[in-house]
2 protein chains.
Amino acid sequence: MTEKRTVCKNDILKQLYFQENLSCVDLSIIIEKSFPLTQKLIEELVADNLVTETGYAVSSGGRRPLTYAIQRNVMYMVAVAMDQFVTKIAVIDMQNHLVSSVTRIFLSLTETRSALQVLIDKIAGAIDTSGIPKEKFIGIGIGMPGFIDVKKGINYSFLSLPDNESITKHMAFQLGLPVFIDNDSSLIALAELRFGAAKGARNAMVINIGWGVGLGLILNGALYRGHEGFAGEFSHIPLFLNGKLCWCGKAGCLETETSLLLIKERAIEGINSGRVSRLNTLSLENHETAYQELIKAVQEGDQFTIELFSKAGYNIGKGVAVLIHLLNPQKIILSGRGSAAGKIWEAPIQQALNEHCIRRLFQNTNIEISDLGLEAQLIGAAALVMENYNEISFLKEETTGFELSQL
Amino acid sequence: MTEKRTVCKNDILKQLYFQENLSCVDLSIIIEKSFPLTQKLIEELVADNLVTETGYAVSSGGRRPLTYAIQRNVMYMVAVAMDQFVTKIAVIDMQNHLVSSVTRIFLSLTETRSALQVLIDKIAGAIDTSGIPKEKFIGIGIGMPGFIDVKKGINYSFLSLPDNESITKHMAFQLGLPVFIDNDSSLIALAELRFGAAKGARNAMVINIGWGVGLGLILNGALYRGHEGFAGEFSHIPLFLNGKLCWCGKAGCLETETSLLLIKERAIEGINSGRVSRLNTLSLENHETAYQELIKAVQEGDQFTIELFSKAGYNIGKGVAVLIHLLNPQKIILSGRGSAAGKIWEAPIQQALNEHCIRRLFQNTNIEISDLGLEAQLIGAAALVMENYNEISFLKEETTGFELSQL
DNA sequence: CAAACTTGTTAAATAATTAAAAAAGTTTTC
DNA sequence: GAAAACTTTTTTAATTATTTAACAAGTTTG
């Protein structure tokens with residue numbers, strides 16, 4: 001007995017995770033069911049203590065609607081955000097709050113076997129120490145850099161197992177929970193779509209300014225991943241005739257002219273050749289402190305650093321011009337760790353658009369700076385689990401105690 | 001009484017237009033309804049003589065399924081395909097066949113008022129002379145170049161009325177039928193998606209090689225139009241540092257290095273400076289004959305012409321490299337009038353991908369030449385009407401004799 | 001040639017929507 | 001400034017739509 005009502009109820013729970021305080025009318029529209037049905041289902045969810053009333057919303061010209069929210073302790077997810085150097089693990093509840101503090105580990109993505117096992121152990125540890133019974137966990141969402149096939153659960157760039165074995169299946173088998181992976185930039189875009197600057201947008205480009213430059217595409221209201229899941233390879237579009245060799249093997253990639261890594265390198269070069277600046281060459285050697293110092297210098301108005309960011313911003317803008325021509329987005333959102341530099345990005349990007357973009361195309365496109373910042377990837381990883389909640393709940397119904405070989 | 005059954009029936013008719021010879025099981029899956037319901041509806045449609053049985057399909061390991069097709073005379077559409085110089089008008093039936101020969105008129109898109117009235121008159125004429133009662137027409141689909149807002153029905157580049165008045169509403173009012181417009185390249189992509197090389201593909205890029213270079217995007221199985229409907233502005237992405245001024249006002253656009261117009265110009269230059277070739281400078285002055293002659297020369301193996309096409313192809317390839325990086329499509333389809341040159345395009349494009357694209361990204365991307373050719377835009381215009389059939393049939397139910405001010 | 005599988009048919013059960021009216025606000029109008 | 005008119009939300013009952021389930025009829029596979 002699959003009971004369609006259960007499917008609908010799960011859909012309501014999912015919607016209430018993505019958006020708090022929805023009214024019954026809102027929900028009936030979102031889940032595309034009639035009002036009486038939706039109301040009955042909500043009633044049952046409230047009776048089961050999965051959902052609570054959260055008071056009356058303001059009227060939109062009629063009776064004030066009762067609003068509902070999902071109980072934060074109904075279920076939990078493990079969110080994992082990886083970059084080349086640091087991996088963050090967190091347990092997150094239904095109101096997107098951290099259950100405990102974030103676990104930080106230093107994992108080298110290139111040493112597959114050992115790194116993967118450490119990751120699995122740490123995730124298991126996080127579940128244990130959370131004190132939450134395992135049945136309350138619905139899944140594990142992981143964001144990492146690389147070429148990732150979301151469906152197959154393979155990362156072709158890092159952590160790839162022999163014989164193209166799926167790392168999601170491998171991990172799910174060991175951890176006893178469904179595992180989902182996606183590209184870091186895609187998850188940042190998902191976070192922006194659901195909880196950030198792209199909320200409600202149907203077409204947005206989320207630029208992940210990090211040590212490289214990533215791109216997550218929101219098209220027709222959903223994350224776009226492409227045929228094999230490799231869409232958004234923004235940093236390697238051949239845009240410059242600078243003859244600079246990129247690590248990808250080609251020359252003139254966008255990444256050879258913009259990225260935090262490049263800014264860092266140019267900063268060191270500049271200082272070594274005598275430029276005055278608040279920056280300190282010594283601390284710039286370390287990635288993490290370099291990042292901190294660069295952002296601080298921008299915020300303090302250091303002219304040399306601002307110059308570096310402006311040049312990088314202009315080059316991002318040249319890439320954005322291509323995006324706007326091809327995809328006519330509603331919004332361009334600057335996210336990822338680089339977004340901490342704030343407004344500084346806007347002018348040079350706008351300048352590049354003025355020069356390289358047809359006016360009609362960009363005049364209605366807004367450029368926004370994300371305020372999700374460093375948390376974006378972690379939130380996106382949690383959202384990834386909930387995106388897949390339909391399938392998860394189906395599996396939970398089907399098999400007692402999870403049939404994990406399926407995942 | 002909206003009768004949901006009618007909505008479903010219309011959906012079935014729509015699906016049978018897009019795909020002949022579907023079985024009841026196929027249809028029940030496509031329209032997402034149960035088999036018994038689908039079967040009952042088909043039964044009724046057959047009884048009403050809107051649909052016919054077309055025999056048994058081959059078995060896939062069980063009982064052989066009965067297949068169905070829509071009757072060609074159930075309803076009709078007017079398809080209009082415009083370019084800068086020539087406008088084609090045709091009446092098309094439910095099996096995508098021309099009811100009579102195509103009407104060709106020479107319309108200058110820049111003279112809005114007069115051109116629009118001529119167009120309206122010619123469409124009315126085509127409906128009249130077809131001998132088909134007007135009630136059997138469900139709508140008019142028009143493809144034209146320019147920046148087009150599909151929803152508002154405005155072409156910002158050509159035929160734009162004062163005060164941003166909608167040309168679809170204007171025409172619908174005068175013609176008494178719903179009118180839909182879209183960008184020429186988008187309609188070519190739609191034709192490829194529904195009846196051509198992109199059939200069944202979820203992610204494909206359709207390149208419209210014409211006097212300019214257009215792009216229609218198929219993303220997640222549907223035509224992607226962007227926030228305002230301007231997506232696919234491929235020919236003006238800033239890809240070259242050639243300093244050449246494009247008519248759009250910018251320099252280095254893709255269009256400055258590839259297009260049939262450019263090939264034509266270079267052909268004339270070459271011949272005037274003494275290159276030997278089968279091409280004849282005189283006839284190259286006229287657009288239409290130039291096109292014919294260039295394609296003929298390629299097919300006959302004229303070395304100089306092939307050289308010109310190869311260079312243009314290589315530059316298209318550079319643009320395609322950008323597309324593949326950003327959107328990871330399953331297929332790249334070369335369509336539009338230029339596709340008549342055939343296989344000649346493949347090698348130089350592949351060459352450009354080898355040089356400018358990350359291997360992992362393009363190794364599973366197929367490049368295909370369309371065989372819809374010159375008919376693509378006309379078929380796409382008809383398909384555009386059927387894409388909107390849901391709304392049309394709803395309107396037909398709602399109002400007796402069409403409430404056209406709505407459109 | 002039996003097992004497995006796909007398609008086709010029918011009747012009974014259930015799920016979901018519609019329609020109509022009540023309740024609770026907001027805005028307009030005199 | 002209060003009643004009328006309009007909106008939106010909530011409630012309930014009646015109707016209709018859709019699915020499920022069980023079985024029959026063809027095909028293929030091993």
Side-chain angles (χ1 to χ4, degrees), chain A residues 1-16 19-48 51-69 390 393-394 397-398, chain B residues 1-16 19-48 51-69 390 393-394 397-398:
Chain A
M1 205 199 300
T2 337
E3 272 216 88
K4 286 204 151 192
R5 301 171 68 83
T6 314
V7 175
C8 280
K9 277 194 202 176
N10 284 330
D11 201 13
I12 290 175
L13 290 177
K14 182 173 163 178
Q15 298 306 329
L16 286 175
Q19 220 176 323
E20 273 181 294
N21 300 328
L22 288 171
S23 76
C24 190
V25 170
D26 295 336
L27 277 167
S28 82
I29 292 166
I30 296 173
I31 70 170
E32 298 183 300
K33 297 286 155 185
S34 70
F35 183 88
L37 175 63
T38 310
Q39 197 190 22
K40 222 171 267 175
L41 296 173
I42 291 176
E43 227 166 58
E44 289 175 28
L45 288 169
V46 171
D48 291 347
V51 166
T52 41
E53 294 180 0
T54 52
Y56 291 94
V58 291
S59 163
S60 57
R63 185 166 165 173
R64 294 168 64 188
L66 252 175
T67 58
Y68 301 89
N390 301 331
S393 58
F394 180 73
E397 293 281 310
E398 283 284 284
Chain B
M1 205 202 298
T2 337
E3 271 216 88
K4 286 205 151 191
R5 302 169 67 83
T6 314
V7 175
C8 281
K9 277 194 202 175
N10 285 329
D11 201 12
I12 291 174
L13 290 177
K14 182 174 164 178
Q15 298 306 329
L16 286 174
Q19 220 175 324
E20 273 182 295
N21 301 328
L22 289 170
S23 76
C24 190
V25 170
D26 295 336
L27 277 167
S28 82
I29 292 166
I30 295 173
I31 70 169
E32 298 183 300
K33 297 286 155 187
S34 71
F35 183 87
L37 176 63
T38 310
Q39 196 190 22
K40 221 171 268 175
L41 296 173
I42 291 176
E43 225 166 62
E44 290 174 28
L45 287 169
V46 171
D48 291 346
V51 166
T52 42
E53 293 181 1
T54 52
Y56 290 94
V58 291
S59 163
S60 57
R63 185 167 168 174
R64 294 171 63 189
L66 252 176
T67 58
Y68 300 88
N390 300 333
S393 58
F394 180 73
E397 292 282 310
E398 283 283 286

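So you know, we letter chains A, B, ... as the sequences are listed, proteins then strands, and number each from 1. Fair warning: this is a prediction, and the values are worked out from it, not measured in the lab.
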Protein N or O to nucleotides 4-6 of chain C N or O, pairs below 3.5 Å:
residue : atom : partner : partner atom : Å
dC5(C)  : O2   : G61(B)  : O            : 3.1
dT6(C)  : O2   : R63(B)  : N            : 2.9

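Between R5(B) atom CZ and dA16(C) atom P there is a gap of 18 Å when expressed in whole angstrom units. Between the OH atom of Y56(B) and the P atom of dG26(D) there is a distance of 8 Å, given to the nearest Å.
Within residues 27-48 of chain A, the residues that place at least one heavy atom under 4.0 Å from DNA chain D are, in residue-number order, F35(A), P36(A), Q39(A).
The minimum heavy-atom distance between T54(B) and Y68(B), with the atom names listed, is OG1-N, 3.6 Å. Annotation for R64(B) and Y56(B): closest pair O-CD2, 3.4 Å, computed over non-hydrogen atoms. In plain terms, the two heavy atoms of K9(B) and L45(B) that are nearest each other are CD-CD2, 3.8 Å.
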L22(B) and I12(B): side chain to side chain contact (heavy atoms under 4.5 Å, CB included), yes or no, with the steps? CA-CA 10 Å; L22(B) 289 170; I12(B) 291 174; over 6 Å; no
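Contact check for V7(B) versus D11(B): no side-chain heavy atoms found under the 4.5 Å cut-off.
A side-chain donor-acceptor contact under 3.5 Å links T67(A) to the backbone of G55(A).
In this structure, Q39(B) CD and S23(B) OG are separated by 11.0 Å, a value rounded to the nearest 0.5 Å. To the nearest 0.5 Å, atoms SG (C8(A)) and CG (L13(A)) are separated by 11.5 Å.
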